[in-house]
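Since this is a predicted model, take the numbers as computed values, not measurements. Residue numbers start at 1 and run along the sequence shown.
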Amino acid sequence: MADLELVDASAAELARAIGSRKLSPVDAVDALLGRVAQLEPKLQAFTEVFAADARLAAEGADRAIRAGHAVGPLHGVPVVLKDLIDLEGRITMGGSAAHRARRAERTATIARRLIAQGMIVLGKTHTVEFAYGGWGTNQHLGTPWNPWDPETQRTPGGSSSGTGVAVAARMAPWGIGTDTGGSVRLPASFCGLTGLKVTVGRVSTWGIVPLSTTLDTPGPLARTVEDTALLYEAISGPDPLDPTTRGINPDAPWSTLNRGVRGLRLGRMPDAERDGVAADMLAAYDAALDLLAQQGAEIVDVALPFRFSDCVAMSGITNAEAYFVNGALAEDPGSQLGDAVRARILAGAKVSAQEYLGTLQRRAAMKVAYAAALEGIDALLTPTTETAAVALAEVDEAHLPSRFTRFGNLLDLCALALPNGFTSAGLPLSLQITCRGYDEAMALRIGQAYQRATDWHRRRPPV
């Protein structure tokens, strides 16, 4: 493969080529690092690039594979990690300039699993400070440049901004983000990617800088559903260091991935929720539903027991838990925190124990009501965001883009975001497929059916 073909290849394609010895991991890593060297000065997706170590690991993988000692089908495939994920001896800032010198004393379970399968970590990627924001902005460490507009800096989506930009710009075939209120799906929407928000307990959070221990979920960002399923399988499973994973068996979505949507019942969001959504986003949404109907799915109207904005307003859990983790830093006027993130953390100081417990109780009731409303329906389909990526100069930090994503975290559901069109200006649009908790295989199955019938996910940004 030429370098251009290498960087444009999916992770699955790289894995097959490496496994059949048609491609050396060294060539794959060199091509991607060359792409990083070319684009990183403008895009600023990485907090650190592990060029020397990645090349060394690639050489080791190449020798092992040629000797017949491949540890698995993903041996030699590169990956990037959001800078919330600890790697022993490496800096984990968590997006905060206040932690520039925070050197990890451990390696997160999710990273250990990837490395144990022979994957090669190219580097750590930028995040919104403490993962507390959806636009992808970072006041002190800088905001990655969305590669779909080389002239105007636009929102990359957050908080997994760097991973989204790195994967979209072909600096990595795939990567890991985290999602507490939409932080995998929002970059997927704004950067034209496929991103999976998993159910709590599917993937260990041990060794990942927390935002909200009740709602945090790590997940994959990739360019195809197939890659998303591969990476999801690689990171999921019980971890004795994370109690939320106990008793939850590893998930293998392959038996149903290509089964199609014929006979499935897919929910259309209520008409009232169309208000405030850009016309091009709605047109792409309607077209996606029509396509899935043509493939044999039944599209049904759903009467939800709440508005999506109600879930956004129920911020007490995240606010209180974020303040528990970072309240002391936010209270220190001399600490180098972004203004918007400091304000969000300090809002947690005002959440009483009564309000916090009351929110948990309302959450439990909403789970029951939502399950009843979706009885007999396999997934609820919505846009992922209200608009395509907006110019950075137009961002209102008081209004987060998580209207359609937050309910998935609050109600402990799983959801897949994937591209379903482009604006007239060439910016990606996105469809969200939300399924019951622990039904990631269904979300991936629906997404796979959609991607097999479309080519939106194959489009390249102009950088």
Side-chain angles (χ1 to χ4, degrees), residues 1-83 85 87-91 107 110-126 144 147 162-177 193 220-224 226-227 230-231 234-235 460-461 463:
M1 290 185 186
D3 281 359
L4 183 60
E5 294 174 319
L6 282 177
V7 299
D8 207 33
S10 70
E13 289 168 341
L14 290 177
R16 287 191 284 267
I18 291 170
S20 63
R21 303 187 195 177
K22 295 177 181 176
L23 172 67
S24 165
V26 175
D27 292 335
V29 166
D30 279 345
L32 290 164
L33 289 176
R35 182 81 171 161
V36 172
Q38 174 191 356
L39 297 180
E40 181 61 8
K42 178 180 180 71
L43 300 186
Q44 295 292 297
F46 289 84
T47 60
E48 189 175 2
V49 179
F50 307 148
D53 285 351
R55 286 193 175 98
L56 190 62
E59 291 167 4
D62 183 58
R63 287 194 297 269
I65 292 166
R66 283 191 287 110
H69 289 278
V71 297
L74 300 180
H75 199 168
V77 178
V79 67
V80 294
L81 304 177
K82 184 178 183 177
D83 185 36
I85 299 169
L87 290 170
E88 185 178 353
R90 297 283 188 184
I91 298 295
T107 293
I110 192 170
R112 286 192 183 280
R113 286 184 172 161
L114 297 176
I115 294 167
Q117 293 174 67
M119 277 187 258
I120 298 168
V121 181
L122 293 178
K124 302 279 283 292
T125 54
H126 274 289
T163 298
V165 169
V167 177
R170 274 58 176 175
M171 294 190 284
W174 55 11
I176 300 296
L193 299 175
L221 274 159
R223 294 195 292 271
T224 69
E226 180 186 18
D227 281 2
L230 273 173
L231 193 52
I235 61 178
R460 287 185 56 144
V463 296

Checking [X] side chain against [Y] main chain: does a donor-acceptor pair fall under 3.5 Å?
| X | Y | answer |
| --- | --- | --- |
| Lys42 | Val463 | no |
| Arg170 | Ala168 | yes |
| Thr125 | Ala45 | no |
| Asp227 | Ser10 | no |
| Thr163 | Gly177 | no |
| Arg223 | Ala9 | yes |
| Glu40 | Phe46 | yes |
| Arg460 | Ala169 | no |
| Lys82 | Gly175 | no |
| Trp174 | Pro78 | yes |

Drop me the distance from [X]'s [atom1] to [Y]'s [atom2], to the nearest 0.5 angstrom.
| X | Y | atom1 | atom2 | result |
| --- | --- | --- | --- | --- |
| Asp27 | Lys22 | CG | NZ | 15.0 Å |
| Leu81 | Ile110 | CG | CD1 | 7.5 Å |
| Leu87 | Arg112 | CG | CZ | 9.5 Å |

Mind listing the closest non-hydrogen atom pair of [X] and [Y] along with its distance?
| X | Y | answer |
| --- | --- | --- |
| Lys124 | Ile91 | NZ-O, 3.2 Å |
| Val71 | Gly118 | CG2-N, 3.7 Å |
| Ile120 | Ala58 | CD1-CA, 3.5 Å |
| Leu193 | Gly164 | CD1-O, 3.3 Å |
| Gln117 | Ala234 | NE2-O, 2.9 Å |
| Glu88 | Thr107 | N-OG1, 3.0 Å |

Can you tell if the side chain of [X] reaches within under 4.5 Å of the side chain of [Y], non-hydrogen atoms only?
| X | Y | result |
| --- | --- | --- |
| Leu43 | Met171 | yes |
| Pro147 | Val165 | yes |
| Val80 | Ile176 | no |
| Pro173 | Leu32 | yes |

Under 4.0 Å between a Lys/Arg side-chain N and an Asp/Glu carboxylate O for Arg66 and Asp62?
->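 Yes, charged N to carboxylate O under 4.0 Å.
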
Hey, are Glu226 and Arg16 close enough for a salt bridge, meaning a charged N less than 4.0 Å from a carboxylate O?
->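 Salt bridge: yes.
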
Derivation and outcome, side chain to side chain contact (heavy atoms under 4.5 Å, CB included), residues Arg55 and Val26 = CA-CA 6 Å; Arg55 286 193 175 98; Val26 175; over 6 Å; no

Quick one: do Leu231 and Leu74 satisfy side chain to side chain contact (heavy atoms under 4.5 Å, CB included)? Show the steps, please.
-> CA-CA 9 Å; Leu231 193 52; Leu74 300 180; 5.8 Å; no

Trace of the side chain to side chain contact (heavy atoms under 4.5 Å, CB included) decision for Asp30 with Leu6 | CA-CA 10 Å; Asp30 279 345; Leu6 282 177; over 6 Å; no

Could you go through the side chain to side chain contact (heavy atoms under 4.5 Å, CB included) check for Ile65 and His75 one step at a time?
-> CA-CA 8 Å; Ile65 292 166; His75 199 168; 4.0 Å; yes

Taking the six-membered ring of Phe50, is NZ or CZ of Arg90 closer than 6.0 Å to its centre and within 45° of its axis?
->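 Judged by the rule (NZ or CZ under 6.0 Å from the ring centre, within 45° of its axis), Arg90 counts as positioned above Phe50.
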
Do you know which of Val36, Val49, Val29, Asp53 makes side-chain contact (heavy atoms from CB on, under 4.5 Å) with Leu122?
->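 When side-chain contact (heavy atoms from CB on, under 4.5 Å) is applied between Leu122 and each of Val36, Val49, Val29, Asp53, only Val29 qualifies.
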
